[in-house]
There are 4 protein chains.
Amino acid sequence: MREQQMLDAAVRIFGQRGYMAASMDEIAELAGVSKPLVYLYLNSKEDLFTACIRREAAALTEAVRAGVRPGLPADRQLWDGLRAFFAHTAEHPDGWSVLHLQARTHGEPFAAEVTAMRAEIVAFVTRLVAVAAREAHRDPDLPEHEVAGLAEALVGAAESLAAWANATPGTTARQAAATLMNFAWAGLGNLMRGQVWTPPAEPA
Amino acid sequence: MREQQMLDAAVRIFGQRGYMAASMDEIAELAGVSKPLVYLYLNSKEDLFTACIRREAAALTEAVRAGVRPGLPADRQLWDGLRAFFAHTAEHPDGWSVLHLQARTHGEPFAAEVTAMRAEIVAFVTRLVAVAAREAHRDPDLPEHEVAGLAEALVGAAESLAAWANATPGTTARQAAATLMNFAWAGLGNLMRGQVWTPPAEPA
Amino acid sequence: MREQQMLDAAVRIFGQRGYMAASMDEIAELAGVSKPLVYLYLNSKEDLFTACIRREAAALTEAVRAGVRPGLPADRQLWDGLRAFFAHTAEHPDGWSVLHLQARTHGEPFAAEVTAMRAEIVAFVTRLVAVAAREAHRDPDLPEHEVAGLAEALVGAAESLAAWANATPGTTARQAAATLMNFAWAGLGNLMRGQVWTPPAEPA
Amino acid sequence: MREQQMLDAAVRIFGQRGYMAASMDEIAELAGVSKPLVYLYLNSKEDLFTACIRREAAALTEAVRAGVRPGLPADRQLWDGLRAFFAHTAEHPDGWSVLHLQARTHGEPFAAEVTAMRAEIVAFVTRLVAVAAREAHRDPDLPEHEVAGLAEALVGAAESLAAWANATPGTTARQAAATLMNFAWAGLGNLMRGQVWTPPAEPA
DNA sequence: CATGAATGAGAATTCATTCAT
DNA sequence: AATGAATGAATTCTCATTCAT
């Protein structure tokens, strides 16, 4: 409905110009409505931005969730999740810019929204790492603090690769995911010895 | 000289308030000079911001370069570089904010500056990976595109961990570097099997 | 009917917020009708305000008229009129605010409405003074211009006392009227007997 | 200096249009300066309005004070004060409008400023009445509450007559003062002698 | 008769930028 | 070399007013 058009426009402008440089005039014009209407539906620039963040965060987590099947082995789940993540960010660059760049740069109220979403994703990855450790019968267990750092690094690498993949033409979500899986799962040391993590064959 | 004071002030204000929210008034006041003087030395807000980016980028790359000794083995070089990187970003949070957050959020001209610096660092890491591959007599060689992606992921993970380390009290540069080395060098798969990358003993 | 509800709401809002700060939205909401309906009955904000002024002016003059019995002596008529006036303004503070404060502060068209009502009351008082003069067989007659000024002063004092009585808790309409009668009638009584205060001679 | 020009313009616009209807644009234009300059000297519309009120209040009380010589008899002091008051309000109608109409209609912070000035004037009049009572050897003393009401009524009558005199062409400050003195002094004179108007008994 | 939905016009306020000295 | 004083151009937000139904 009307509100969605406005959010579409806002995400696009916020994503490209940045929160502060975006003007409500421009957003209204791109949405094809008058400025007062924007204020009627979304009360202020802050509220509008928050609504954008929430919508994009929900869309991204939903995309990842939809890409993963819970029953499968941990590496397969990670692989699927990464592909979904890279595919979604590639398809919604402005939304990704809002989440990854804009929201974190403009004060606590906004950053907190993204932090919440990120925490959800980091928790998901952390669970996967724990499962993998159990599957590998690792003993003794990895210390918790270490796991947190690893998950953080993995998510950070993914976020960074998303920007890289978007900016490097010809890089598909699949390739980005494969690169990261190799890096993360096998490790550079293994890679040196030729031990490469192999993505499972695609059905389609 | 006078220009450095202005840049100091600008980096601090830009880093804390963000590019758009920073006002030239505030910067001039913090620098202890009059506003027209700022315009005399640095022609506009954009130019001032660009100068900040360039200075901080140079400082960061220089810090990393100074931390690394070229003759040593690749893993040692990476370890040293990471520690220098985490130490520098921890000591210059405003500068890091300007580079990592602000510059990337406000349009091409600024983002390009950071991209250039980043490219330099990625190239350095890429060389290290290539050296490591040669040291390990890996055969066949890793494809170039793959190496680029790995370096990208490594740098992205480092950037992400820098923010995480800054925000997590009690996390030292050394710990952050160790976490990342473990992740990168050994790989999760190895970690599962208990093969941990061990940092070399510290001399001091 | 419906129109009266709207005027009730309008008087309340105009009286409390002031003409400009009052919003048609608020008035419509308080009246329990939709905004277009307000525009249907009363064409614009200006017209609505004018209607409020007229209604409140009529109510006030009617209240005073109803309080006075024409046959009685002049001082009794004045006393009754003042009591009615103070009682009405105390019971309708918003209406009095509209007449005394708002209408006079927002340009000619509105001020003129109040001026008309005021003229009616001043004329009534002027008649009373004339009657009193006749009753006192004053000779020679007070000049007309003087009588007008006295009536004006009396009405002004009453208006001022109304605000004072409203703002001073525990002051009844009766007390306010008594104070003013004391002030005014004793003075007028002297005037009737030809005892005039004479200004000192001017040097220039 | 520059600030006075702005206040001149502001008093004129506020006095004629009213506080809310006055636009900073119009004020700046009339002052012959740019809008930001107005904000540089006087921080906001509210502050500007407050500054106007203070300046006009000071000017009015100063004019009255300058017109009165303390040593003279009470009636002469009152006469002189009234003439000064009517002369000043006639010469500064916009300032008078700001004080008498605008400031009282737009919320406490502003009304309080005028209330303070008015309290000063009422106190002055109250002292005069007390002096007059002593001069007339009145016994018993007028009750304090009664004196307050009388002073209030006298000041209110004066305020009201000021508007009347301004609006009635050919009425001089001298005439207005004479009318009010006649009204007030004769009345007060009687009161001094203990001649009080007695309200008729209430039936209920 | 009644309204939900929409807007054109204008409000206060801020800021990067520049003269005149 | 340095600045106090000044402004053009935006920006967010509000409100009286009107269609289409």
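What you see is a predicted model; the values in this text were computed from it and never measured.
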Nearest-Å distance, CG (A:Leu37) to P (E:dG8)? 11 Å
For C:Glu26 and F:dT14, give me the distance from atom CD to atom C1', rounded to whole Å. 13 Å
Round to a whole Å and report the spacing from CG of C:Asp47 to C1' of F:dA16. 13 Å
Near DNA chain F, counting only heavy atoms under 4.0 Å, which residues of residues 4-17 of chain A show up? none
Partners meeting side-chain contact (heavy atoms from CB on, under 4.5 Å) with A:Ser34 (sequence neighbours left out): A:Pro36, A:Leu37
Could you tell me how far apart D:Leu42 (CG) and E:dA12 (C1') are, to the nearest whole angstrom? 15 Å
Per-nt protein contacts along nucleotides 15-21 of chain E (heavy atom under 4.0 Å; B base, S backbone sugar-phosphate only, - none) come out as BSBB---
What salt bridge (charged side-chain N to carboxylate O under 4.0 Å, His left out) pairs are there with at least one residue in residues 93-109 of chain B, not counting sequence neighbours? B:Arg104-B:Glu159
With sequence neighbours left out, which residue pairs that include part of residues 37-46 of chain D fulfil the salt bridge (charged side-chain N to carboxylate O under 4.0 Å, His left out) condition? none
Expressed in angstrom and rounded to an integer, what is the separation of A:Phe49 atom CZ from F:dT12 atom C1'? 16 Å
So what's the dot-bracket for DNA chain E: Watson-Crick or G-U pairs under 3.5 Å, [ ] if a pair crosses, | if it pairs off-strand? .||||||||||||||||||||
Kindly give the heavy-atom pair with the smallest separation between B:His88 and B:Ala63, and that separation in Å. ND1-CB, 3.5 Å
Which residues pass the salt bridge (Lys or Arg N to Asp or Glu O under 4.0 Å) test with B:Glu113, sequence neighbours left out? B:Arg54
Can you list everything that forms a side-chain contact (heavy atoms from CB on, under 4.5 Å) with A:Ala163? Sequence neighbours excluded, please. none
Euclidean distance, atom CZ of residue D:Arg2 to atom P of F:dA5 [Å, nearest integer]: 10 Å
Listed partners of D:Asp47 passing side-chain contact (heavy atoms from CB on, under 4.5 Å), at least two apart: D:Asn43, D:Ser44
Would you say that C:Leu30 contacts C:Asp8 through its side chain, given a criterion of any heavy-atom pair below 4.5 Å between the two side chains? no
When rounded to whole Å, the OH to C1' distance for the pair B:Tyr41 and F:dT3 reads 14 Å
Show the atom names and distances, to 0.1 Å, of all donor-acceptor pairs under 3.5 Å that link a side chain in residues 11-23 of chain B to residues at least two apart or in another chain.
unit_1	atom_1	unit_2	atom_2	d
B:Arg17	NE	B:Glu26	OE1	3.2
B:Arg17	NE	B:Glu26	OE2	3.2
B:Arg17	NH2	B:Glu26	OE2	2.4
B:Ser23	OG	B:Asp25	N	3.4
B:Ser23	OG	B:Glu26	N	3.1

How would you list, by chain and number, every residue that makes a side-chain contact (heavy atoms from CB on, under 4.5 Å) with A:Glu29, sequence neighbours excluded? none
Check salt bridge (Lys or Arg N to Asp or Glu O under 4.0 Å) between D:Glu91 and all other residues, then give those that pass, not counting sequence neighbours. none
Integer-rounded Å distance: F:dT11 P and A:Ile27 CD1: 11 Å
